[in-house]
Amino acid sequence: MKKIALHWRILLGMLFGVIVGLVMTSFDGGKEIVQDWIKPFGKIFIKSLQLIAIPLILAALIKGVSDLKDISKLSKMGGRTIGIYILTTIIAVSLGLVLVNLVKPGNSITESTRTEMVENYSGDTKKYKETAQKQKESGPLQALEDLVPENIFSAATSNRNMLQVIFFAVFFGIGLILIPEEKGKTVKDFFDGFNEVILKMVDLIMLAAPYGVFALLAALVVESPSIDLFKALGWYALTVVLGLAGMIVIYNIIVLVFTKKKPIFFMNGISPAQLLAFSTSSSAATLPVTMERVTEHLGVEEEVSSFVLPVGATINMDGTSLYQAVAAVFIAQAFGMDLTLGTQLGIIATATLASIGSAAVPGAGMVMLVGVLGYAGIPEAGLALIFAVDRPLDMCRTVVNVTGDATVSMVVAKSVGKLGEPKVKDWDDHYEEVK
Ligand code: ASP
């Protein structure tokens, strides 16, 4: 019997999760049952993905960089990657700004709703503001300084330090290229093998994906706030979702134009990573799966994907930047403020930088939004307005973040002649091999 394709199985898992969540909220004690007996499986699933993120980056990047055999190729690829990432982010923020100015979701918020929400949620947003404050206190070159770890072992102990681990891996890879081949062979073979093992671990984790997302969504549903809030923020949420959907269309056009690959091919290949991004709200947790899908199913050679994707997961967040632009202007509208064109152009710059600075974890976009609000002189209290619907929007923007990384990896691969045919034709088959 033909097995159902993986993305359908994941979607089914999500659907069952929502149904079970809804049923369990309908009676007393149901929420606690989900929290005690179902939610931990979701957590285990996310943790197992996070568990392999750092080893994967280390092994894949060292292997990828040393396979390039030439440092000039690395700088060419690096330059293109960063350039295209910034470009797609600017497109995303601009799209968000156009939409929020057309739809004007903030105008539908009455003064009483605004006051009520600010009162109800200001406590919840406090920790976001505190984190943002700490980041604000650092100097302009702090981010650059933070790129360089003083100790690779301590850097590798936290998934938040991905850029530091990337820095070390690239540096190590360069060292490996520069020593005589026979001396580096053992080290290279070691990382080659290590990388294979990690990719096999991704396959194993993916077997559990439908169950993992089931648990994650059931827990989300029982913990979500009341539906009334969603209604009040409906236009705002719709504007963000519309913009995010627009970005997916733009990615497909970019892939078609630059790589001649059809949207169906691209979406089929990347969809399991998108579904995981949606369920986990974390590009970092999704990274192992994004890497695997892009290399095995979209035909991007490992030398490219192992560099472009970890960098993208940490600095390229088109969905987040679009959301930050929409949220900032929405809050301004809700407070009756008129933003000049100059301020809005400034929002493009600050949201681009803020998305680069956002960590690839749930809710990070909201922390960095504080900076965008501060720049434009919009009251930070407005965070309370968007807090209630942040999680579902976080899920959607993470999908766009991950899809954006995959798009850029295909474009960069094509431009350096490293886009081939996918290794796995029947794109679901190979998960079965691990059984
Ligand atoms: N959750 C997002 C990500 O991991 C970041 C954010 O927008 O909060 O990509």
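Order of listing sets the numbers, starting from 1, for every ligand and every atom in it.
- Taking every non-hydrogen atom of Gly363 and a distance limit under 4.0 Å, the qualifying atoms of ligand 1 come out as 8 (O).
- Here salt bridge (charged side-chain N to carboxylate O under 4.0 Å, His left out) pairs that include residues 257-277, with residues two or more places apart or in two chains, are Lys261-Glu421.
- Here Arg397 pairs with Asp394 in a salt bridge; the nearest charged N to carboxylate O distance falls below 4.0 Å.
- Not a single N or O atom of Ala359, backbone or side chain, sits closer than 3.5 Å to an N or O atom of ligand 1.
- A centroid separation of less than 6.0 Å is found between the aromatic rings of Phe172 and Phe191.
- Listed by atom number, the atoms of ligand 1 under 4.0 Å from Thr320 heavy atoms are 5 (C), 6 (C), 7 (O).
- The shortest N/O to N/O separation between Val361 and ligand 1 falls below 3.5 Å.
- In the vicinity of Ser282, heavy-atom distances shorter than 4.0 Å reach the ligand 1 atoms 4 (O).
- On a distance-only criterion, Ala284 and ligand 1 share no N/O pair closer than 3.5 Å.
- Inspection of the Ser355 and Asp318 side chains reveals no N or O donor paired with an N or O acceptor under 3.5 Å.
- Between Phe45 and Phe41, the ring center distance fails the sub-6.0 Å criterion.
- Taking every non-hydrogen atom of Thr398 and a distance limit under 4.0 Å, the qualifying atoms of ligand 1 come out as 1 (N), 2 (C), 3 (C), 4 (O), 9 (O).
- Screening residues 316-371 for ring pair (Phe, Tyr, Trp, His ring centres under 6.0 Å) gives Tyr236-Phe330 as the qualifying pairs, with residues at least two apart or on separate chains.
- The distance from ligand 1 to the heavy atoms of Ser283 drops below 4.0 Å at these ligand atoms: 3 (C), 4 (O), 9 (O).
- Within ligand 1, counting atoms from 1 as listed, the ones closer than 4.0 Å to a heavy atom of Gly365 are 6 (C), 7 (O), 8 (O).
- Considering Val165, Val311, Leu74 in turn, Leu74 is the only one that fulfils the side chain to side chain contact (heavy atoms under 4.5 Å, CB included) rule with Val170.
- The atoms of ligand 1 that sit less than 4.0 Å from any heavy atom of Ala360 are 4 (O).
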